[in-house]
Every structure is written in structure tokens, then in C-alpha cells.
Peer 1: 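Have a look at this one.
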Amino acid sequence: MNRRLALAVLPLLLAVTACTSGTADDEPAPRPAAAERPSPFRDCATLNTAPTAATPGSGASTSATPGSGTSAPAAGGQALPALTLSCFTGGAPVALGAVAGPAVINVWASWCPPCRKELPAFQRLSERAAGQLQVVGVNSRDSRSGAQSIGEDFGVRFPMLVDQGEALQRELRRNAIPLTLFVAADGQIRHIDATGALDDATLATLVRQHLNLAVPA
């Protein structure tokens, strides 16, 4: 009797097993990871190309025209540190010393209130001074998501380098941010500003004084 019962149950057990033990080919394919949000910043491919309106010697020591009200930038300066930084959008790392001036380089982080306050002014500078100078960001000791969100929220579009180890600040022996470098066409740093959040008018004044370029405020 028991033998007949076992023979009757066996086909049912085999049928249940076939439904639950399929091969790897029967398993559903893993869901693709969520696509990464596109970067709000431009890529860094053009950073070693001089602005189209830059002229030889722009930003070098010159004599001011009497009565012009324009200060000539100081002679000398220091070269950009020999650092190689990654670009926020990926691609080949960028040699900082190869960034073609005139340029304004802003060091910032999303957790820094003065940095957030002044970033829109740098974006406007990049638009007003297009062809005259480059505006470049260096995101320092920050999370990628934090920088991404600030770029999106504030409409920041200029190229962005990444310096998670604060190498640039160490080379310049500066601790605080925001930090802004005014770099002449010859690659020399003419001025480093660490006074806090800069506005449109102040940026225009500093560009005129140290890079000898007239940019509308």
C-alpha cells in the first residue's frame, strides 16, 4: 500500500522541482544600474587653448595710459604649480600648468557658504568674458554629488577640475577657500584673492587690475 502511494506522489514532486530549479539561463537578467546624471560642467578639452581674443603679452607688465583709469598689472608673479588634476567630466587628466591664460581659476567646495555665494558671479564672468579669458573651477575636498548638485542648482557650466587632496592649496600655502587665481597669458599668477565671496563688480575690477582686460560688470 505504501509503495503504491509513493509511486503516485513521485510525479507531483518531480513537477514541483521543475518549476523552481531552472537553469541560470532561465533566471531574469539583472536590472541595469541607474544612469549617472550628466555633468552640468563643460569638459576640459579646451583648457590648453588660449582664448580667441587673447593677444601676445596680454596680462604682462605694461605702462598704463595716462588718464585711462586702468591699472597696469604687476610684473612677475609665480608659475602655476606643476600639478595634474582630473576633470569632473572624465577624460584625460589636465596639467594645471598647461591651462592657457588669461584665466581666472576659482577653488571652491559645495560645503563652503562663500563659495556657493560667489559661483554665479564666476558663471556670469565666463559668459561676459568669453573669448577674452577662461574661467576654470577647481572643486576641492568635496563629494561628487555635492559638486554636481551645486552645478545644477546654480547653473554653473564652466570647466571643472577636481582636487580632492587639496594639492593646489598646499602648493600655494593657502588653507582657506574660496581662493581665486588670476593667471596672465604667460601662465604666471598675477594675483591670488582670498578675501571671501566676490561679486560681479569686484571680479571685473580684479580682472582689469591684474590681467589688464576690460570685462563688463
Peer 1: So do L96 and T84 actually touch side chain to side chain, heavy atoms under 4.5 Å?
Peer 2: no
Peer 1: Could you check whether E166 and N175, counting side-chain N and O atoms only, form a donor-acceptor pair closer than 3.5 Å?
Peer 2: no
Peer 1: If you take all heavy atoms of A194 and R174, which pair is closest and at what distance?
Peer 2: CB-NH1, 4.2 Å
Peer 1: Go through the structure and list residues passing salt bridge (Lys or Arg N to Asp or Glu O under 4.0 Å) with R170, not counting sequence neighbours.
Peer 2: none
Peer 1: Looking at L80 and G97, what are the two nearest heavy atoms and their distance?
Peer 2: CB-CA, 4.2 Å
Peer 1: Side chains of S140 and D163: donor-acceptor distance under 3.5 Å anywhere?
Peer 2: no
Peer 1: Rounded to the nearest 0.5 Å, how far apart are OG1 of T202 and CG of D193?
Peer 2: 8.5 Å
Peer 1: With rounding to the nearest 0.5 Å, note down the distance linking NE2 in H210 to OG1 in T180.
Peer 2: 11.0 Å
Peer 1: Should L211 and Q132 count as side-chain neighbours, where that means a heavy-atom distance under 4.5 Å?
Peer 2: no
Peer 1: Could you give me the CA-CA distance, side-chain angles and deciding distance for L172 and L179, then say whether side chain to side chain contact (heavy atoms under 4.5 Å, CB included) is met?
Peer 2: CA-CA 10 Å; L172 298 173; L179 199 63; 4.2 Å; yes
Peer 1: Would you check if the side chain of T46 reaches a backbone N or O of T49 as a donor-acceptor pair within less than 3.5 Å?
Peer 2: no
Peer 1: May I ask you to decide if the ring planes of F88 and F41 are parallel, tilted or perpendicular, using 30° and 60° as cut-offs?
Peer 2: perpendicular
Peer 1: What are the two closest non-hydrogen atoms of P178 and P114, and how far apart are they?
Peer 2: CD-CB, 3.8 Å
Peer 1: Taking side chain as C-beta onward, heavy atoms only, is C87 less than 4.5 Å from P159?
Peer 2: no
Peer 1: Can D199 and K117 be counted as an ion pair, charged N to O under 4.0 angstrom?
Peer 2: no
Peer 1: Search all heavy atoms of S110 against all heavy atoms of D142 and return the closest pair with its distance.
Peer 2: N-OD2, 2.6 Å
Peer 1: Do P51 and Q134 have side-chain heavy atoms sitting under 4.5 Å apart?
Peer 2: yes
Peer 1: Mind checking whether R42 and T89 have side chains closer than 4.5 Å, heavy atoms only?
Peer 2: no
Peer 1: Between V183 and L133, is there a side-chain heavy-atom distance shorter than 4.5 Å?
Peer 2: no
Peer 1: Could you check V94 against L85 for side chain to side chain contact (heavy atoms under 4.5 Å, CB included), going step by step and ending with a plain yes or no?
Peer 2: CA-CA 5 Å; V94 176; L85 302 176; 5.6 Å; no
Peer 1: State, with a plain yes or no, whether a side-chain heavy atom of V138 is found less than 4.5 Å away from one of W108.
Peer 2: no
Peer 1: Heavy atoms, side chains only, cut-off 4.5 Å: are V104 and L181 in contact?
Peer 2: no
Peer 1: Taking all non-hydrogen atoms of both residues into account, name the closest pair between L198 and E118 and its distance.
Peer 2: N-OE1, 2.8 Å
Peer 1: I need the minimum non-hydrogen distance between F158 and S126, along with the two atoms involved.
Peer 2: CD2-OG, 4.2 Å
Peer 1: Apply the test side chain to side chain contact (heavy atoms under 4.5 Å, CB included) to residues N106 and L119: give CA-CA distance (whole Å), side-chain angles for both, the deciding distance (0.1 Å), then the verdict.
Peer 2: CA-CA 9 Å; N106 178 243; L119 273 173; 3.8 Å; yes
Peer 1: Which pairs pass side-chain hydrogen bond (donor to acceptor under 3.5 Å, both in side chains) with one or both residues in residues 146-162, sequence neighbours excluded?
Peer 2: R37-E152, Q148-E152
Peer 1: With F122, which residues qualify under ring pair (Phe, Tyr, Trp, His ring centres under 6.0 Å), at least two apart?
Peer 2: none
Peer 1: Give the C-alpha distance, both sets of side-chain angles, the deciding distance and a yes or no for side chain to side chain contact (heavy atoms under 4.5 Å, CB included) between S86 and L161.
Peer 2: CA-CA 6 Å; S86 60; L161 302 176; over 6 Å; no
